[in-house]
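Reading through the structure tokens given below for one structure.
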Amino acid sequence: MSSAATWEVEPAGHTVWQVKASTLCNLRCRYCYEWDRLGDGTRITLGQWRRVLQAAVDYREIRRRRFGIASAIAVLWHGGEPTLLPASYVKDVLALQDEVAATAAAGSIVNAVQSHLGNDNETLATMVDAGFAVSASLDFASGVRVDAGGRDAQARALRQLEALLARGVRCGVTVVLGRHNRDRLADIHDRLDALGVDWLRIVPMFSPPASAPGSALVLPADDVVTALIALFVHRRRHGGRIPVIPLDGALRAVIARRADVAVPLRDRRREGESRLVVHPDGTLAAQGGTAAPEVVLGNVFTAGAEEIFESAAYRESLRGDDDLRERHCRTCRYRRACDSRPLFTHPHRFAAGPCPMDARLMAELDACM
């Protein structure tokens, strides 16, 4: 049975399979990196889902065999907008999950959905009834997250979030940070904290494609850090219950450095993959690849897990990780206290030296404490 009970902000021991079942969306968020594919109704077929799920259970066994990790399987439904998928399709995939997991004795598969919460429909109800955790994408700014007719979608999403929380659904919120909301993080945090969400994830805006109208909203790294530090100072003065990503991770690194505690590197050679991204055409990539550009590991529709994770492309992606750590971590004062995970979270092309966003965030936090 699918469940959200064990879904965490950063699911320990899980391999998260972020599956873009379709890029179809009924919003036109002005910074969306899928802008050119938002009208594409093509979706992963049930036969292709079977290949994805079989790869997931096979990779679980690979992690157990190679690293001694009994990892859970978590499926993050992504898009596009997953609630535009037919409810019958979602039910068929959930039945397929149970079938594949039972055959492999893999245990239950945990599900979550990344949604703009603009569709109060049978599909969302199906997901909630099946125990999905919900990660809501919100902006808290007008004129940025709009539908195809240019109408703002913010108020509808907030009402939906409140309704889900009232039902006891595990909900977190992802806020894309840009020029449109950089001065509002304290208000956003306090509102979400009062609502009782389970986490707040603040994601610096990726550079949208040239065809998207929101490129002017992208913030320089210095401005991202300034906004996050202002939120930290606000939380220190006024409190806050909810975990905030990436502030909490950066704060842990600062505390570890002050205590002279060495933190193990996030090393895929020692522990395998914590997140894999499946695109609608079956392309499989590690989270962010080696950050920029995204490194393709293979195609999960045409190759099995053993083949993909023994491939030259996979070995090259590991070498890419090494190159990034050598380029950015070697001269960073927090290199022993940071697990290097920030390097691999978002696409980037940073100049050599400590990463300009997370390393500076740690330094600014250090100065504040």
Atom pair [atom1] ([X]) and [atom2] ([Y]), whose distance is rounded to the nearest 0.5 Å:
X    : Y    : atom1 : atom2 : answer
E316 : D323 : CD    : CG    : 8.0 Å
R51  : L284 : CZ    : CG    : 12.0 Å
R37  : T42  : CZ    : OG1   : 11.5 Å
E162 : C171 : CD    : SG    : 11.0 Å
I242 : L200 : CD1   : CG    : 5.0 Å

Contact between [X] and [Y] at the side-chain level, heavy atoms closer than 4.5 Å - yes or no?
X    : Y    : value
L117 : L164 : yes
L251 : L247 : no
L161 : L138 : yes

Do the side chain of [X] and the main chain of [Y] share a donor and acceptor less than 3.5 angstrom apart?
X    : Y    : value
H328 : G353 : yes
R335 : S340 : no
N181 : G178 : yes
S71  : H14  : no

Inset, instruction - Please say which of L27, L38, T23 ends up in a side chain to side chain contact (heavy atoms under 4.5 Å, CB included) with C32. - result: L38
Legend entry - Nearest atoms (heavy-atom pairs only) where F232 meets M369: CZ-CG, 4.1 Å
Inset, instruction - Might you point out which heavy atoms bring L343 and C329 nearest each other, and give the distance in Å? - result: CD1-SG, 3.5 Å
Inset, instruction - Decide whether V203 and W35 are clustered together by the hydrophobic rule: side chain heavy atoms of Ile, Leu, Val, Met, Phe, Trp, Tyr closer than 4.5 Å, transitively. - result: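 No, separate clusters.
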Inset, instruction - Answer with yes or no whether the hydrophobic clustering places I255 together with I229; edges join I, L, V, M, F, W, Y residues whose side-chain heavy atoms lie under 4.5 Å apart. - result: yes
Inset, instruction - Before giving the answer on side chain to side chain contact (heavy atoms under 4.5 Å, CB included), spell out for R30 and S215 the whole-Å C-alpha distance, their side-chain angles and the decisive distance to 0.1 Å. - result: CA-CA 8 Å; R30 303 206 179 280; S215 58; over 6 Å; no
Inset, instruction - Could you name each residue pair satisfying salt bridge (Lys or Arg N to Asp or Glu O under 4.0 Å) that touches residues 230-246, not counting sequence neighbours? - result: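 For residues 230-246, and leaving out neighbouring residues, the salt bridge (Lys or Arg N to Asp or Glu O under 4.0 Å) pairs sorted by first residue read D193-R241.
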Inset, instruction - Please collect all salt bridge (Lys or Arg N to Asp or Glu O under 4.0 Å) contacts where either partner lies in residues 177-186, sequence neighbours excluded, each pair once. - result: R182-D223
Legend entry - Of all pairs that satisfy ring pair (Phe, Tyr, Trp, His ring centres under 6.0 Å), the ones with a partner from residues 307-327, not counting sequence neighbours: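 Every pair satisfying ring pair (Phe, Tyr, Trp, His ring centres under 6.0 Å) with a residue in residues 307-327: Y59-F309, F309-Y314.
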Charged N to carboxylate O below 4.0 Å: is that the case for [X] and [Y]?
X    : Y    : value
K91  : E122 : yes
D366 : R258 : yes
R66  : E271 : no
E310 : R315 : no

Under 3.5 Å, is there a donor on one side chain and an acceptor on the other for [X] and [Y]?
X    : Y    : answer
H180 : D139 : yes
T15  : R275 : no
T123 : T83  : no
S137 : Q114 : yes
D147 : N26  : no

Inset, instruction - Share the residues that join M205 in a hydrophobic cluster, the rule being Ile, Leu, Val, Met, Phe, Trp or Tyr side chains under 4.5 Å apart at the heavy-atom level. - result: Y31, V144, V176, L217, V218
Legend entry - Intermediate values then yes/no, salt bridge (Lys or Arg N to Asp or Glu O under 4.0 Å), K20 and E34: CA-CA 11 Å; K20 290 179 169 288; E34 295 284 14; 3.2 Å; yes
Inset, instruction - Determine, stepwise, if the pair L24 / R43 fulfils side chain to side chain contact (heavy atoms under 4.5 Å, CB included). - result: CA-CA 8 Å; L24 182 68; R43 61 176 179 259; over 6 Å; no
Inset, instruction - Could you list the residues that satisfy salt bridge (Lys or Arg N to Asp or Glu O under 4.0 Å) with R327, not counting sequence neighbours? - result: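 For R327 there are no salt bridge (Lys or Arg N to Asp or Glu O under 4.0 Å) partners, ignoring immediate neighbours.
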Legend entry - salt bridge (Lys or Arg N to Asp or Glu O under 4.0 Å) against D248, all qualifying residues, sequence neighbours excluded: none
Inset, instruction - Step by step, work out the salt bridge (Lys or Arg N to Asp or Glu O under 4.0 Å) result for D152 and R145. - result: CA-CA 6 Å; D152 198 86; R145 188 173 293 269; over 6 Å; no
Inset, instruction - Please assess F344 against D321 for the test side chain to side chain contact (heavy atoms under 4.5 Å, CB included), listing each intermediate value before the final yes or no. - result: CA-CA 8 Å; F344 310 106; D321 287 4; 3.4 Å; yes
Inset, instruction - Take R63 and E273, measure what salt bridge (Lys or Arg N to Asp or Glu O under 4.0 Å) needs, and give me the verdict at the end. - result: CA-CA 8 Å; R63 283 192 87 184; E273 304 301 320; over 6 Å; no
Inset, instruction - Quick one: sort the F132 and W77 rings into parallel, tilted or perpendicular, breaks at 30° and 60°. - result: tilted
Inset, instruction - Could you walk me through whether D358 and R341 pass the salt bridge (Lys or Arg N to Asp or Glu O under 4.0 Å) test, one step at a time? - result: CA-CA 10 Å; D358 291 273; R341 193 179 299 265; over 6 Å; no
Inset, instruction - Decide side chain to side chain donor-acceptor pair (under 3.5 Å) for Q160 and N119; before the verdict, give the C-alpha distance in whole Å, the side-chain angles of both, and the deciding distance to 0.1 Å. - result: CA-CA 9 Å; Q160 187 70 270; N119 305 312; over 6 Å; no
Legend entry - Derivation of the side chain to side chain contact (heavy atoms under 4.5 Å, CB included) call for R333 and R257: CA-CA 9 Å; R333 65 189 294 204; R257 181 181 178 275; 3.4 Å; yes
